[in-house]
Amino acid sequence: MNAAQIVMPALGPALPELILTVGVLVLILYGAFKGERSAEGVTVGALIVLIVALFAVASQPLSAKITTLNGSFIVDGFARVMKALVLLGSIAALLLARDLFERERIARFEYPILIVLSSIGMLIMVSANDLIGLYLGLELQSLAAYVIASFHRDDVRSTEAGLKYFVLGALSSGMLLYGASLVYGFTGHVSFPGIVTALRETQVGLGVVLGIVFVAAGVAFKLAAVPFHMWTPDVYEGAPTPVTAFFASAPKMAAMAMAVRVFVGAFPGVIDEWRQIIVFVAIASMALGSFAAIGQRNIKRLMAYSSIANVGYALIGLAAGTQEGVRGVVVYMAVYLAMTLGAFAVILGLRRGNRMFDTIDDLSGLSRTHPWLAFCLAAMMFSLAGIPPLAGFFAKFYVFAAAIQAGLVALAVIGVVTSVIGSYYYLRIVKVMYFDEAQPAYEPLAPGLRIVLAVSSVVVILLGIVPAPLVSIAGTAARSLF
């Protein structure tokens with residue numbers, strides 16, 4: 001047996017990551033030789049690479065579970081579904097950025113390369129089966145994200161956003177690494193199955209609990225969950241809007257997958273210890289996100305607080321710690337991805353000439369100047385508010401039902417109450433679009449924005465009418481973890 005025959009079976013489960021890695025190396029060389037003229041070609045190449053990786057993920061059997069690299073890398077149903085969501089978010093981020101970056105004259109070949117690099121890190125996060133692999137994937141994703149946050153280097157707000165994200169991100173990475181070292185020190189293992197076995201055979205001590213707390217702090221930062229949310233509004237507002245859309249979509253999928261993989265995969269036997277942390281973070285995130293967004297006039301800051309609240313709702317499913325809870329998390333994150341990308345496609349379409357508009361008042365009378373645009377954004381807002389029969393209602397229903405089945409009735413009630421409070425600022429946007437005095441018309445949407453908005457609108461409406469396919473896929477993904 002030659003070396004190729006030995007290596008390929010071992011690396012076969014990591015085929016999507018290999019496709020992205022080889023693709024990004026080719027794109028870097030192409031960009032380096034062609035210079036700034038290569039921006040368009042590199043963007044198209046990055047889209048092709050991401051789509052091929054998506055097909056590679058989709059071609060893998062959903063029910064199979066494979067480990068490789070000495071057990072540190074796992075591919076199961078949960079990983080495949082979450083990887084598909086990550087790649088869809090990355091593809092949408094490139095489509096959303098194309099027109100704006102050309103207009104702003106910041107269309108450089110580095111941006112799509114950084115998106116692909118970040119995607120590699122996110123896929124590794126989703127499939128990590130030990131603490132070392134988890135940290136490596138997290139850092140690869142984060143380093144690329146720090147750069148693209150300040151990609152508009154001539155804009156002071158973008159530079160400030162990148163600096164804030166970097167400083168606070170470095171702190172959170174340190175906390176997660178310290179927590180991982182404590183867990184390793186007190187269990188003697190870095191692999192998740194090894195940690196499970198060690199905690200089953202010995203009594204859980206204070207050191208392990210402290211390790212879990214620090215790991216949870218690092219995970220909460222990546223999720224932008226309270227009390228590690230402080231970077232989110234400023235980074236969302238300061239970063240270029242396509243970058244904000246990326247931060248609100250693909251990294252959220254990877255971070256939530258990481259949270260599920262860590263707590264359900266590595267600490268199932270100590271659920272009473274980590275459930276308290278998740279319940280607190282979920283309640284705090286839902287409450288702050290719902291109340292803080294009420295006074296916002298900038299729609300990007302409003303979406304930042306909305307994302308904080310939505311992370312809290314998704315964490316309700318994780319707090320349940322059951323198969324139904326994980327199913328609810330997968331359903332919620334898939335629907336959230338569509339709602340967020342659709343909303344940002346509309347935000348990016350608010351343009352006249354070289355001027356972008358990003359306040360709620362700029363949506364005044366949108367239903368009279370752009371009726372279909374207003375209809376799509378209204379569908380996103382109603383879905384985010386959890387109003388039936390749109391997909392957002394069923395997403396919240398499944399996480400709340402999982403919490404009730406797990407005995408967390410108070411948590412589910414708090415989730416319903418904060419959801420009602422949050423409905424105010426979503427419905428206010430609908431009111432502004434349909435009942436306020438009309439503003440001058442905006443330019444027609446760019447092709448990339450149209451594609452993202454059309455797909456997101458169809459998903460949000462159809463999944464509200466026929467949620468069974470997504471629920472079935474999410475159920476299969478959840479079963480692979482238990």
Side-chain angles (χ1 to χ4, degrees), residues 165 168-169 171-172 175-176 212-237 244 247-249 251-260 262-263 274-296 300-321 325-326 328-333 335-337 339-340 343 384-386 392 395-400 402-403 406 408-426:
Y165 195 16
L168 295 172
L171 175 64
S172 74
M175 296 174 71
L176 189 145
I212 293 173
V213 170
F214 278 103
V215 169
V219 171
F221 177 89
K222 297 305 175 185
L223 285 169
V226 177
F228 302 97
H229 67 285
M230 68 290 292
W231 61 274
T232 314
D234 292 337
V235 172
Y236 273 44
E237 182 182 11
T244 305
F247 287 163
S249 55
K252 283 283 193 298
M253 305 298 113
M256 187 59 70
M258 176 178 69
V260 172
V262 169
F263 292 110
W274 60 258
R275 176 182 278 168
Q276 302 173 51
I277 302 171
I278 301 301
V279 167
F280 167 76
V281 171
I283 293 173
S285 298
M286 291 186 296
L288 184 136
S290 296
F291 283 103
I294 290 175
Q296 301 300 320
K300 289 169 68 176
R301 290 185 73 89
L302 185 146
M303 292 301 294
Y305 285 110
S306 171
S307 73
I308 294 170
N310 278 282
V311 163
Y313 298 129
L315 287 174
I316 292 177
L318 177 57
V326 175
V329 171
V330 176
V331 171
Y332 197 95
M333 296 310 293
V335 174
Y336 171 75
L337 178 68
M339 296 186 297
T340 302
L384 283 166
K396 289 184 178 179
F397 171 79
Y398 282 110
V399 292
F400 293 159
L408 303 174
V409 178
L411 179 60
V413 170
I414 294 171
V416 172
V417 172
T418 54
S419 182
V420 172
I421 296 169
S423 298
Y424 167 77
Y425 53 83
Y426 295 127

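Position 1 is the first residue of the sequence; numbering continues from there. For the numbers below, each heavy atom of this structure counts, side chains included, while hydrogens, waters and symmetry mates do not.
Nearest heavy atom pair, residue P227 against residue M230, reads O-CE, 3.2 Å. The two residues A224 and T232 come nearest to each other via the heavy atoms CB-OG1, 3.2 Å. Here the closest heavy-atom approach between residue V311 and residue L223 is recorded as CG2-O, 3.3 Å. Pairing each heavy atom of G325 with each of A320, the nearest pair is CA-CB, 4.2 Å. Of all heavy-atom pairs between A406 and R275, the closest is CB-NH2, 4.4 Å. Across G392 and M339, no two heavy atoms sit closer than the pair CA-SD, 4.2 Å.
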For residues 408-417, run the donor-acceptor check on the side chains, cut-off 3.5 Å, and write out each pair with its distance to 0.1 Å, sequence neighbours left out.
none

Side-chain donor-acceptor contacts of residues 276-295 below 3.5 Å, not counting sequence neighbours, with atom names and distances?
residue	atom	partner	partner atom	Å
Q276	NE2	D272	O	2.9
S285	OG	V226	N	3.0
S285	OG	V281	O	2.8
S290	OG	M286	O	2.8
S290	OG	T418	O	3.1

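For T244, the side chain to side chain contact (heavy atoms under 4.5 Å, CB included) partners two or more places apart in sequence, or in a different chain, are Y236, A239, K300, F344. Checked against side chain to side chain contact (heavy atoms under 4.5 Å, CB included), F397 has no partners two or more places apart in sequence or in another chain. Partners of R301 under the salt bridge (charged side-chain N to carboxylate O under 4.0 Å, His left out) rule, at least two apart in sequence or in another chain, are D234, E237. Applying the side chain to side chain contact (heavy atoms under 4.5 Å, CB included) criterion to L176, with sequence neighbours excluded, gives Y135, L138, V219.
Under a cutoff of 6.0 Å and an axis angle of 45°, K396 and Y313 form a cation-pi pair.
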Working note: K252 + F247, criterion side chain to side chain contact (heavy atoms under 4.5 Å, CB included); need CA distance, chi angles, decisive distance, verdict. CA-CA 7 Å; K252 283 283 193 298; F247 287 163; 6.0 Å; no

Hey, mind stepping through M256 and L315 against side chain to side chain contact (heavy atoms under 4.5 Å, CB included) and telling me if it holds? CA-CA 8 Å; M256 187 59 70; L315 287 174; 4.1 Å; yes

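Of the inter-residue distances, the one linking T340 atom OG1 with M253 atom CE reads 7.0 Å to the nearest 0.5 angstrom. Of the inter-residue distances, the one linking W274 atom CH2 with F263 atom CZ reads 7.0 Å to the nearest 0.5 angstrom.
Side-chain contact between N310 and Y332 is present, with heavy atoms from C-beta onward closer than 4.5 Å. In this structure, the side chains of F221 and M175 stay at 4.5 Å or more apart for every pair of heavy atoms. When side chains are defined from C-beta on, S307 counts as touching Y336, because their heavy atoms get closer than 4.5 Å. The closest side-chain heavy-atom distance from S172 to K222 is below 4.5 Å.
Of the N and O atoms on the side chains of S306 and Y426, at least one donor lies less than 3.5 Å from an acceptor on the other residue.
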